[in-house]
Number of protein chains: 2
Amino acid sequence: MRHEQRADAATLNSISPLPIYYQLQTIIQNDIEGGRLKPGDAITPERKLAERYKVSVGTVRQAIAPLVNEGFLIRMQGKGTFVAGTTMDPDYVRSYRFLSDFSEAEAPIKFTFKSLKKVAGSTRINACLKIAAGQDLFELKRLMLIDNEATAYSISYLPQRMFKRLDETPSSRFEKIALYRIIEQAYGVPTISRRELFSVAAADKEVAALLQVEPGSPVLVIEMMAYTHKERAYEFRKSFCTTRSRRLLREY
Amino acid sequence: MRHEQRADAATLNSISPLPIYYQLQTIIQNDIEGGRLKPGDAITPERKLAERYKVSVGTVRQAIAPLVNEGFLIRMQGKGTFVAGTTMDPDYVRSYRFLSDFSEAEAPIKFTFKSLKKVAGSTRINACLKIAAGQDLFELKRLMLIDNEATAYSISYLPQRMFKRLDETPSSRFEKIALYRIIEQAYGVPTISRRELFSVAAADKEVAALLQVEPGSPVLVIEMMAYTHKERAYEFRKSFCTTRSRRLLREY
DNA sequence: GCTCATTTGTTCGTATGTATC
DNA sequence: TGATACATACGAACAAATGAG
C-alpha cells in the first residue's frame with residue numbers, strides 16, 4: 001500500500017527565487033497529478049522528506065499544509081499522509097439535487113440504470129473531451145426518480161481508452177454509487193471541477209417517454225463537462241430534467 | 001483605517017483541549033463575522049498579537065493562516081493583514097455568464113438598470129430572507145444584454161432595514177458594478193455563498209416583453225438566495241433567461 | 001534617492017503531546 | 001510497550017516589501 005517515491009530526480013534549489021517549501025509542494029503535487037501517487041497511497045513521512053531534501057520538518061509541513069488544504073492530501077495523526085481522491089465537497093459534487101422551495105428539505109433521489117454500451121465517437125463530444133475524433137466512447141444512460149416519479153434523465157459519454165472495461169461493471173453498481181466515485185475508485189481519476197451549460201429545450205420522443213411528459217414540451221437541459229487534474233476532461237453528460245413539482249439545486 | 005481591537009474580553013485557555021492557535025483563530029473569526037472587523041480593516045500585527053496573548057509568533061501565524069486560506073483575511077508583506085470582502089472567486093460569483101458551447105469564448109454582457117423602488121414585504125420572500133413578514137423590501141430590476149440582445153432579466157429583493165438608503169444609489173452604478181460589490185463596499189456585507197433553484201416556466205407578459213419572446217414561451221428561471229456570514233440571507237433574486245443562442249454557464 | 005521603522009515571509013531547530021499499530 | 005508519525009508550541013534569525021520622513 002505504501003508508495004515508494006523514487007529518490008527524486010527533482011531536487012530543491014536554494015538559489016531559486018521560489019521558496020523551498022513551494023518547490024517541495026510542487027514536486028509532491030506533480031507526483032499526484034502525474035499519477036505517480038494515486039488516491040490512497042501514503043506519501044513519505046515528513047521527517048524522512050526533511051532528511052532526504054535536507055530541510056527542516058517545519059518546511060516540509062509548510063509544503064504539505066496547502067496540499068492538505070486544497071484536498072490533494074489527507075493527514076492522519078499516527079498513521080501518515082495519504083493521497084486524497086475527489087476533492088469536491090460531496091454535497092456539491094452531487095449533480096441531481098431537487099427542492100420544491102428554499103425552505104423545504106431535499107428530496108431523496110433514486111438512480112436507475114438504463115444502459116451502458118460502446119458507441120463510436122462523435123465530432124462534437126470528442127472535441128469537448130479533447131480526444132481524437134476517431135476514439136470510441138462509452139454511453140451510459142440513467143434515469144433519476146423522486147417519489148417514484150421520473151425527474152431527470154442523463155446520458156454520459158466517457159472515453160473508452162481512459163476507462164477500459166467500464167462496461168464490465170455490474171449495472172447495479174451504477175444505481176448504488178455515484179459515477180464519480182466509480183471513476184475514482186476503479187481508475188484512480190478524481191473529480192476536480194465541473195462546468196455546466198443550462199438551457200431550455202423541447203423534449204424529443206426518447207426523453208418525453210422516459211420523463212413522462214408530452215413530446216415537445218419544454219424541459220431543463222444541462223450539458224456538463226467533468227474534469228480531473230490539469231483540467232483534463234473525462235466525461236461529457238447531457239441531462240434532461242422536469243421541473244413540475246421540484247427544482248434543481250446548485251450551491252456555491 | 002486601522003481598526004483597534006478591544007483588549008480582549010476573550011482570553012486563551014491553555015488547559016482547554018482546543019489548541020491555542022484554534023482558540024485565537026476563533027476569536028478573530030468571531031470579530032469578523034460579528035462585524036467588529038469590517039472588510040478593509042487591518043488586524044493587529046502578528047507580533048503584537050503574540051505579545052498580547054503571550055504566545056509565540058508561530059502560534060499566531062497558525063491562527064491566521066487558515067483564515068487567510070478561507071478568504072477571511074488577506075496578508076500583505078510590509079503592510080499588514082486585512083479583513084477581506086467577498087470570498088468567492090470573482091468568476092464564480094458572477095451570476096450571468098453565457099456560452100454558446102464549451103469550446104466557445106464567454107460572451108461579454110451588458111447590464112442595464114430598469115428600476116429600484118421600495119415595496120412591501122411578501123410572505124414568501126420575507127420567509128426566505130428570514131425576516132419578519134411586515135418588513136419592507138427594495139426591488140431592483142435589471143436587464144442583461146449580449147450583443148444588444150436581451151438575454152436575462154432579474155428582479156432582486158433586499159431588506160430595507162439591512163440596506164438603508166440603497167435607493168439613493170445613482171442608477172448608473174448598478175450598470176457598472178456588480179450588485180454584490182455595491183453591497184460589500186457600501187454596507188460591509190460580503191457575499192459568502194449562494195443557492196440557486198433552476199426550473200423552466202412560461203414567460204409572463206412582463207418577461208416576454210423585456211426578453212422579446214412570445215408570451216407563454218418557455219424560459220429558464222433561476223431563483224437565487226445570496227448569503228453573507230453565518231448563512232444570513234441578504235438577497236432573494238428571480239432571473240429569467242432566454243437560451244436561444246447562448247446557454248448559462250456554471251462552474252464548480 | 002536614501003534610510004529607517006514596521007510588518008509579513010521564509011527557514012531553521014527543538015521539545016513535547018497524542019494517535020496508531 | 002515501543003516504534004512510528006503527525007500535532008502543537010516555542011523562539012530565533014534573516015529576507016523582503018512598504019511607507020514615512
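Lettering of chains follows the sequences in order, A, B, ..., and the numbering in each one begins at 1. What you are looking at is a predicted structure, and each value in this text was computed from that prediction instead of being measured.
Within the 4.0 angstrom heavy-atom criterion, base atoms lie near A/Ser56.
Distance NZ (A/Lys79) to C1' (C/dC21): 10 Å, rounded to an integer number of Å. At whole-Å resolution of the value, CZ in A/Arg75 and C1' in D/dA7 are 8 Å apart. Rounded to whole angstrom, the span from the CD atom of A/Gln62 across to the P atom of C/dG9 amounts to 11 Å. Between the CZ atom of B/Phe82 and the P atom of D/dT18 there is a distance of 11 Å, rounded to whole Å. Rounded to an integer number of Å, the gap from CZ of A/Arg61 to C1' of C/dT10 is 16 Å. At whole-Å resolution of the value, CD in A/Glu46 and C1' in D/dC6 are 6 Å apart. When rounded to the nearest whole Å, the span between CG of B/Leu49 and P of D/dC10 equals 13 Å. In this structure, OH of A/Tyr22 is placed 13 Å from P of C/dT11, rounded to the nearest angstrom.
No side-chain donor-acceptor contact under 3.5 Å links B/Thr191 and B/Arg181. Between the side chains of B/Tyr53 and B/Thr59, no donor N or O sits under 3.5 Å from an acceptor N or O.
Going from atom CZ of B/Arg142 over to atom CZ of B/Phe111 covers 5.5 Å, rounded to the nearest 0.5 Å.
Residues B/Met76 and A/Pro19 both approach DNA chain C. Their nearest nucleotides, taken by heavy-atom distance, put B/Met76 toward the 5′ side.
Residue B/Lys48 has its side chain nearest to C/dT7 when only C/dT7, C/dT11, D/dT8 are considered. Checking D/dA7, D/dC10, C/dG9 against the side-chain heavy atoms of B/Val55 singles out D/dC10 as nearest.
Annotation for B/Gly71 and B/Ala84: closest pair O-CB, 3.0 Å, computed over non-hydrogen atoms.
One finds no salt bridge joining A/Arg237 and A/Glu223 here, because no Lys/Arg side-chain nitrogen approaches an Asp/Glu carboxylate oxygen to under 4.0 Å.
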Using distance only, find each side-chain donor-acceptor pair of residues 161-169 of chain B under 3.5 Å and give its atom names and separation, not counting sequence neighbours.
unit_1, atom_1, unit_2, atom_2, d
B/Thr169, OG1, B/Leu166, O, 2.6

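An OP1 or OP2 oxygen of D/dT8 is reached within less than 4.0 angstrom by no side-chain nitrogen or oxygen of B/Thr59.
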Short N/O separations, protein against nucleotides 13-16 of chain D, under 3.5 angstrom:
unit_1, atom_1, unit_2, atom_2, d
D/dA16, O4', B/Gln77, OE1, 3.3
D/dA16, N3, B/Gln77, OE1, 2.8

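Taking A/Arg61 as the reference, A/Glu46 meet the side chain to side chain donor-acceptor pair (under 3.5 Å) condition, with sequence neighbours excluded.
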